[in-house]
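Worksheet for the structure shown next.
Remember, predicted model here, so these are calculated numbers, not experimental data. Counting convention: from 1, in listed order, for ligands and their atoms alike.
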Amino acid sequence: MSLTTALLALSLSSLVSAHIGAWHHGMYCLNGTTPGKDDSDGTDIVQPLWNLTKDDWWFHHDNGCDEFPPDDGDFLEIPANGQFTVELSVNRAFTTLSYGGSRIGLYPDGQNYPDGLGGQNCITQLNIHTQNQSMAAGTAFAISYQSDLSQVTPENLVVFSTLYHTPWERLATYSVPDLPACPEGGCHCAWGWVPNGCGEPNMYMQGFRCMVTGQTGSRALAPAVPPTWCQDDPGNCTTGAKQMIYWNQLDGNNILVEGWDDSGEPRSPAYNGVCGWEEGAQTDIFLSDGSATPTSVIGTATGVGPGPSATGTPAPSGKPSGARRMSVSWTWGLVVGIALVVGWVV
Ligand SMILES: *[C@@H]1O[C@H](CO)[C@@H](O)[C@H](O)[C@H]1NC(C)=O
Ligand SMILES: *[C@@H]1O[C@H](CO)[C@@H](O)[C@H](O)[C@H]1NC(C)=O
Ligand SMILES: *[C@@H]1O[C@H](CO)[C@@H](O)[C@H](O)[C@H]1NC(C)=O
Ligand SMILES: *[C@@H]1O[C@H](CO)[C@@H](O)[C@H](O)[C@H]1NC(C)=O
C-alpha cells in the first residue's frame with residue numbers, strides 16, 4: 001500500500017467513524033480545541049457522549065469544547081416566533097464555515113447521494129445512526145436565560161424546539177415559540193440528539209451563545225422537569241417545560257427506560273413523541289403573561305450560506321455580527337407615558 005493510499009484509507013475511516021454536530025458561528029468549539037488553531041476540518045464537537053460523568057458530558061467538557069466560546073458578538077440568533085437554520089455535519093469541512101463552502105452537499109458528509117440515501121438497514125456511508133429518514137430519531141434546541149455558562153443548570157435549560165426525522169440533511173431549520181428577550185450578555189443554547197439504534201446508544205449535547213431577536217414575548221420560561229417515556233400512554237408524558245434528555249451516562253441521567261418500543265426495538269428516549277415532544281416550536285413552556293418584558297431586538301441575518309436542499313429550506317447568507325437591542329421597549333414607553341401624565345396633572 002502506497003503512502004497516499006494509506007493516508008486516503010485513514011482519512012476515509014476517520015470520516016466514516018465521525019458523528020454529527022450542529023455548526024454555526026455562535027457555537028462553542030467552532031475552531032476546535034487547540035488554542036490559536038483554526039481547524040477547518042474540525043470534528044471535536046461531533047464526538048458522541050457516552051458513559052461519562054456529568055462533569056464531563058455537560059456541554060461537552062470531556063474534550064474541552066465548553067472552554068472555547070464563540071467570538072464576542074457572535075450569537076446564534078433565535079427570532080421569536082420565527083425560524084433559524086444550522087448546518088448538521090460530520091466535519092466542519094462540509095459546512096459553509098470552511099473552504100468558502102466549496103465542500104458542502106445536500107447531506108451532512110458533503111455528498112448529494114443522487115440515488116437517495118437509506119433503506120431497510122443501518123446507513124454505513126456516514127454515521128447518522130438510522131436506516132432512513134423516517135427512522136431518524138429527532139434533534140432539539142434548548143435555551144437558558146443565563147449569560148454565564150457556569151450558571152446554566154438542567155432546570156433552567158428548557159427545550160424550545162424539536163425537529164423530527166433529523167439529523168438527515170445538512171440544513172436543519174428549527175421553529176421558535178414566543179420566547180422572551182435574553183439578558184444583555186445573551187443566553188446560552190444547546191443542541192441535542194439521542195440516536196435510536198444503529199450504533200452505540202449515546203447522546204449529543206453542545207453549546208451555543210444565543211440571542212432572541214425580533215418582537216420578544218411577555219412570558220418567562222417555567223423551570224424544566226425531566227422528560228418521561230410515554231409512547232403507549234399519553235397520560236405518562238411530562239407536559240410543559242422539559243429538560244434535555246440526559247441518558248446512558250455514569251451520572252446526571254434524568255431518564256431511565258426499560259423494555260421495548262412499539263416496533264420491538266429496545267426503548268431509546270428521543271426528541272419526538274415517545275417522550276411527549278410535539279414537533280416544532282414548544283408552546284407550553286411558559287409562566288404566566290407579564291412574567292417577562294417584551295422588547296424589540298434587532299438581529300442581523302444569520303450565517304448559513306446557500307447550498308442544495310431537497311426541501312427548499314431558505315438559507316439566508318451573511319456572517320452574523322451579533323444582535324443589538326433596541327433601546328425602545330414597552331417598559332420605556334410606560335415610563336415616558338407615566339411621566340407625561342404626571343407632568344400634565346402637576
Ligand atoms: C462505563 O465506565 C465505567 C467507569 O469508567 C466502566 O467501569 C464501565 O465498564 C463502562 N461501561 C461500559 C458499558 O463501557
Ligand atoms: C477562529 O479562527 C479564526 C481564524 O483564525 C479567528 O478569526 C476567530 O476569531 C476564531 N474564533 C474563535 C471562536 O476562536
Ligand atoms: C426505514 O427503516 C425501517 C427499519 O428498518 C423500515 O421498517 C422501513 O421500511 C424503512 N423505510 C424505508 C422507506 O426504507
Ligand atoms: C405509565 O406510568 C406508570 C407509573 O409509572 C407505569 O406503571 C406504566 O407502566 C406506564 N405506562 C407505560 C405504557 O409505560
Side-chain angles (χ1 to χ4, degrees), residues 21-45 47-57 59-76 86 91-93 95-101 113 115-125 128-138 149 164-169 186 188-189 195-203 206-211 246-253 256 260-268 270 272 274 303 310 319-322:
W23 299 85
H24 185 279
H25 278 287
M27 71 191 287
Y28 280 69
C29 220
L30 170 71
N31 287 356
T33 53
T34 307
K37 188 181 173 201
D38 179 10
D39 190 356
S40 299
D41 301 304
T43 57
D44 294 293
I45 200 63
Q47 305 308 322
L49 305 166
W50 191 53
N51 200 32
L52 299 169
T53 61
K54 186 181 172 211
D55 281 349
D56 274 341
W57 59 255
F59 281 89
H60 225 284
H61 180 67
D62 63 324
N63 64 354
C65 272
D66 60 334
E67 287 156 20
F68 291 84
D71 283 333
D72 284 351
D74 272 356
F75 292 98
L76 174 62
V86 296
N91 189 308
R92 206 185 94 181
T95 72
T96 57
L97 300 171
S98 288
Y99 305 109
Y113 298 112
D115 299 328
L117 180 66
Q120 301 288 317
N121 302 316
C122 292
I123 290 169
T124 53
Q125 289 97 327
I128 197 169
H129 284 279
T130 188
Q131 296 87 348
N132 50 59
Q133 184 171 16
S134 68
M135 292 295 289
L149 184 60
Y164 282 16
H165 309 299
T166 59
W168 188 246
E169 293 181 359
H188 272 94
C189 285
N196 180 10
C198 290
E200 189 181 79
N202 48 41
M203 69 168 199
Q206 66 172 96
F208 295 78
R209 281 196 184 282
C210 57
M211 190 67 96
Y246 307 128
W247 186 56
N248 270 355
Q249 307 301 319
L250 282 177
D251 60 36
N253 296 316
L256 181 69
W260 285 265
D261 67 15
D262 281 355
S263 46
E265 299 299 321
R267 284 180 178 176
S268 177
N272 64 40
V274 300
K319 184 184 184 297
S321 59

Write out the protein residues near ligand 3, meaning a non-hydrogen atom under 4.0 Å from one of its atoms, in order of chain and number. Gly119, Gln120, Gln131, Asn132, Met135
Which residues satisfy the ring pair (Phe, Tyr, Trp, His ring centres under 6.0 Å) test with Tyr113, sequence neighbours excluded? Tyr107
How would you list, by chain and number, every residue that makes a ring pair (Phe, Tyr, Trp, His ring centres under 6.0 Å) with Tyr246, sequence neighbours excluded? Trp57, Trp58
In ligand 2, the atoms that come under 4.0 Å of a heavy atom of Pro69 are 13 (C)
Numbered atoms and elements of ligand 1 in range of Asn51, under 4.0 angstrom, heavy atoms: 1 (C), 2 (O), 3 (C), 8 (C), 10 (C), 11 (N), 12 (C), 14 (O)
Please report, to 0.1 Å, the donor-acceptor pairs under 3.5 Å made by any side chain of residues 28-35, with sequence neighbours excluded.
from	atom 1	to	atom 2	distance (Å)
Tyr28	OH	His188	NE2	2.6
Asn31	OD1	Arg92	NH1	3.1
Thr33	OG1	Asp44	OD1	3.4

Are [X] and [Y] side-chain neighbours, meaning at least one heavy-atom pair lies under 4.5 Å?
| X | Y | result |
| --- | --- | --- |
| Gln131 | Cys198 | yes |
| Pro195 | Asn202 | yes |
| Asp66 | Leu149 | yes |

Per-residue contact class, Asn31 against ligand 2 - non-hydrogen pairs under 4.0 Å: side chain
Report the C-alpha distance between Ser134 and Asn132 in whole Å, list the side-chain angles of each, state the deciding distance to 0.1 Å, and finish with yes or no for side-chain hydrogen bond (donor to acceptor under 3.5 Å, both in side chains). CA-CA 6 Å; Ser134 68; Asn132 50 59; 2.9 Å; yes
